[in-house]
Amino acid sequence: MVANELAFIATNDLCATTRGRSMPLPELDMETGCGWVPANLGVHAFGQIARDCPFDATGDLRLMPDERSLTRIDGIPGRPPITVLLADITHLDGSEWSCCPRTFLRRAIRDLREETGLSVFGAFEHEFMLVADDAPEPPLSLQAMLRAEPLGTELVGILAAAGLQPENWLAEYGAHQYKITVKASDALTAADRAVLLRDIVRNLFHAVGKHASFAPLLDPDSVGNGVHVHFSLRDLDGRPVMHDITQPGGLSAAAGAFAAGIIRHAPAIVAFTAASEVSYLRLAPNRWSATHAFLGNHNREAMIRVCPTIQTAGRTPTFQLNLEFRAGDATGNPWLVLGLLIRAGLEGIRQGLEAPAVLDRPVEEFSDKQLTAAGIARLPASLPEALQHLASDQVVRKWFSEDFLKVFHAVREDELRLLDGLDPAAKCKLYADVY
């Protein structure tokens, strides 16, 4: 510990912004946390409490840190180390607050385990861009990766020292675009890592005078930044239960039903996973992003993709097979995103849904009649449309308290109001600055 080192007790809100309070590290009390206010959940992406937020100036809560999330971030040039603890939001007596995003994920994990004996093992895959006027290097190239040095090497080292287990760092297809992945872990750890990774990346690049943005689009004509969630199912002994060679896509009955549940409720879920208006400029045809709710075999335009497995060096699909949810970006709160995937997947298992048909070619090659026959629905084309689906999907709505739904709708509607009248380029610019 260095002199005057701080601890930051944090939550992540409905706009995927990490907020909280700091204190001298020696003064941190794990049993009492720190104070918080209900209306803080109503702050939208542009920094104001939403006009129709159901919470007013009254009320008090606590941010109760989870010791297993303790992360010491060190090595950022010119910045002191800091210890971050992710927290559940509770009432003053320590009981759960019904609007806490992290508690939402923990409850989903618990219910899946108790009802099915299964757990989710996963990781978030992040893309981001440097906001720069320089001519870009060739996409996907060593040259582009080297142009970012020494920041790439420093980022991997900082993430490793913080316990986030970085796996891949690479230059992506877009101009000044990069991708960072971490190793898979249990669901709560995976989402916690996603929360931390975004702020670590932003902080590192800001420290050297650069602006890293995870916004879905920096401008309407640019390549987009997605956040893809890889996940698999395991039993109580930690053994993978995804693979069944006799079934379409090689998916077990449980994995197929889980995917079917996500697809069934996708039009409502994307209001959380693609939580900004500009998200839907990215979720458009010919962008290698999801436009329809279907399961694809290695298909990068599928909402859920069956990821490839390798057979070299004696490897088998059993320990490799996983699914990738592709209809999300960094405007989505990781705890809510993964909690919703688990909730929808659990619903698919409860209902005994059959595994979805697996498509192995671009969705544009199918006629509307063929898509209808296959039960493939178009995802919402805008945030207002996604909010309408959320309003009508009673299964998804029952997963949340009424107060949570009220504040979520208030935040989204107020953002839309503030964007009204702006052209797409201006909207993208605003979100690029925030994210």
Side-chain angles (χ1 to χ4, degrees), residues 12-16 41 54 96-112 114-116 118 120 122 187 191 227 229 231 256-277 279-280 283 290-295 303-304 323 325-329 331-354 356 375-413 415-416:
N12 195 261
D13 68 10
L14 303 182
C15 305
L41 193 64
E96 293 179 346
W97 187 47
S98 67
C99 298
C100 173
R102 195 168 187 269
T103 300
F104 176 80
L105 173 57
R106 287 196 301 99
R107 287 174 171 174
I109 293 168
R110 177 199 64 198
D111 289 353
L112 177 67
E114 291 181 353
E115 292 188 35
T116 68
L118 299 175
V120 163
V227 174
V229 185
F231 60 92
F258 199 91
I262 295 171
I263 289 171
R264 173 172 289 188
H265 297 288
I269 287 174
V270 293
F272 296 90
T273 66
S276 74
E277 185 170 7
S279 299
Y280 297 85
L283 297 180
T291 58
H292 291 73
F294 70 94
L295 180 65
M303 188 190 76
I304 300 179
L323 298 177
F325 177 80
R326 296 179 57 82
D329 59 52
T331 63
N333 175 303
W335 297 323
L336 295 176
V337 169
L338 194 47
L340 280 158
L341 296 181
I342 292 172
R343 285 284 179 202
L346 175 57
E347 194 67 24
I349 293 174
R350 285 171 176 161
Q351 299 299 320
L353 299 183
E354 293 185 4
I376 297 171
R378 176 70 163 89
L379 288 174
S382 68
L383 180 58
E385 186 181 341
L387 293 172
Q388 290 174 2
H389 281 285
L390 174 59
S392 63
D393 190 326
Q394 296 306 313
V395 173
V396 173
R397 292 183 68 83
K398 76 179 182 182
W399 301 335
F400 298 100
S401 69
E402 282 302 313
D403 278 344
F404 180 94
L405 291 171
K406 287 177 182 177
V407 69
F408 181 79
H409 278 278
V411 165
R412 299 281 86 90
E413 295 289 351
E415 285 185 16
L416 289 168

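Computed from a predicted model, the values in this text were never measured in an experiment.
- In terms of heavy-atom proximity, C15 sits nearest to E415 at SG-OE2, 3.4 Å.
- Using a 4.5 Å cut-off on side-chain heavy atoms (C-beta onward), F325 and M303 make contact.
- Heavy atoms only, all atoms of each residue included: L338 and A187 are closest at CD2-O, 3.3 Å.
- Paired with F258 under the rule side chain to side chain contact (heavy atoms under 4.5 Å, CB included), one option of L112, I304, T116 passes, and it is L112.
- Using a distance-only test at 3.5 Å, with no hydrogens or angles considered, a donor-acceptor pair links the side chain of R378 to the main chain of T291.
- The two residues L383 and A275 come nearest to each other via the heavy atoms CD2-O, 4.0 Å.
- If you take CG on L346 and CG on L341, they are separated by 12.5 Å, rounding to the nearest 0.5 Å.
- Side chains of E277 and L416 form a contact here, defined as non-hydrogen atoms less than 4.5 Å apart.
- From D111, atom CG reaches atom CD of E347 across 11.0 Å, with rounding to the nearest 0.5 Å.
- Atom CZ of residue R264 and atom CG of residue L353 lie 4.5 Å apart, to the nearest 0.5 angstrom.
- A heavy-atom distance below 4.5 Å is not found between the side chains of H265 and I262.
- Geometrically, R412 engages F408 in a cation-pi contact, judged by NZ or CZ lying under 6.0 Å from the ring centre and within 45° of the ring axis.
- The minimum heavy-atom distance between S401 and S98, with the atom names listed, is OG-OG, 3.2 Å.
- The two residues A266 and A293 have their closest heavy-atom pair at CB-CB, 4.0 Å.
- Tested against L336 for a side chain to side chain contact (heavy atoms under 4.5 Å, CB included), the candidates L105, T273, L14 yield a single pass: L14.
- Two residues are said to be in side-chain contact when any heavy atoms from C-beta on lie closer than 4.5 Å; L41 and V411 fail this criterion.
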(Q) Let's go through L118 and I349 carefully: what are the C-alpha distance in whole Å and the side-chain angles of both, what is the deciding distance for side chain to side chain contact (heavy atoms under 4.5 Å, CB included) to 0.1 Å, and is it a yes or a no? (A) CA-CA 11 Å; L118 299 175; I349 293 174; 4.2 Å; yes
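- Summarising the local packing, CD of E354 is surrounded by 12 or fewer heavy atoms from other residues, nucleotides or ligands at distances under 6.0 Å.
- Between W399 and L340, the closest side-chain pair of non-hydrogen atoms falls below 4.5 Å.
- Across all their heavy atoms, S279 and T331 have their closest contact at OG-OG1, 3.4 Å.
- Partners of S382 by side chain to side chain donor-acceptor pair (under 3.5 Å), not counting sequence neighbours: none found.
- Evaluation of the side chain to side chain donor-acceptor pair (under 3.5 Å) test over residues 402-411, restricted to residues two or more places apart or in two chains, returns none.
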Q) Stepwise, does the side chain to side chain contact (heavy atoms under 4.5 Å, CB included) test hold for R397 with L405? A) CA-CA 8 Å; R397 292 183 68 83; L405 291 171; 3.6 Å; yes
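- Between F104 and F272, the gap from one ring centroid to the other reaches at least 6.0 Å.
- Between L387 and E413, some side-chain heavy-atom pair lies under the 4.5 Å cut-off.
- A search for ring pair (Phe, Tyr, Trp, His ring centres under 6.0 Å) contacts involving Y280 returns nothing, not counting sequence neighbours.
- A side-chain donor-acceptor contact under 3.5 Å links N333 to the backbone of N12.
- The residues R106 and E96 are annotated as salt-bridged, a charged nitrogen and a carboxylate oxygen being separated by less than 4.0 angstrom.
- A side-chain donor-acceptor contact under 3.5 Å links E385 to the backbone of A381.
- Taking CD from E114 and CD1 from I109, the interatomic distance works out to 12.0 Å, rounded to the nearest 0.5 Å.
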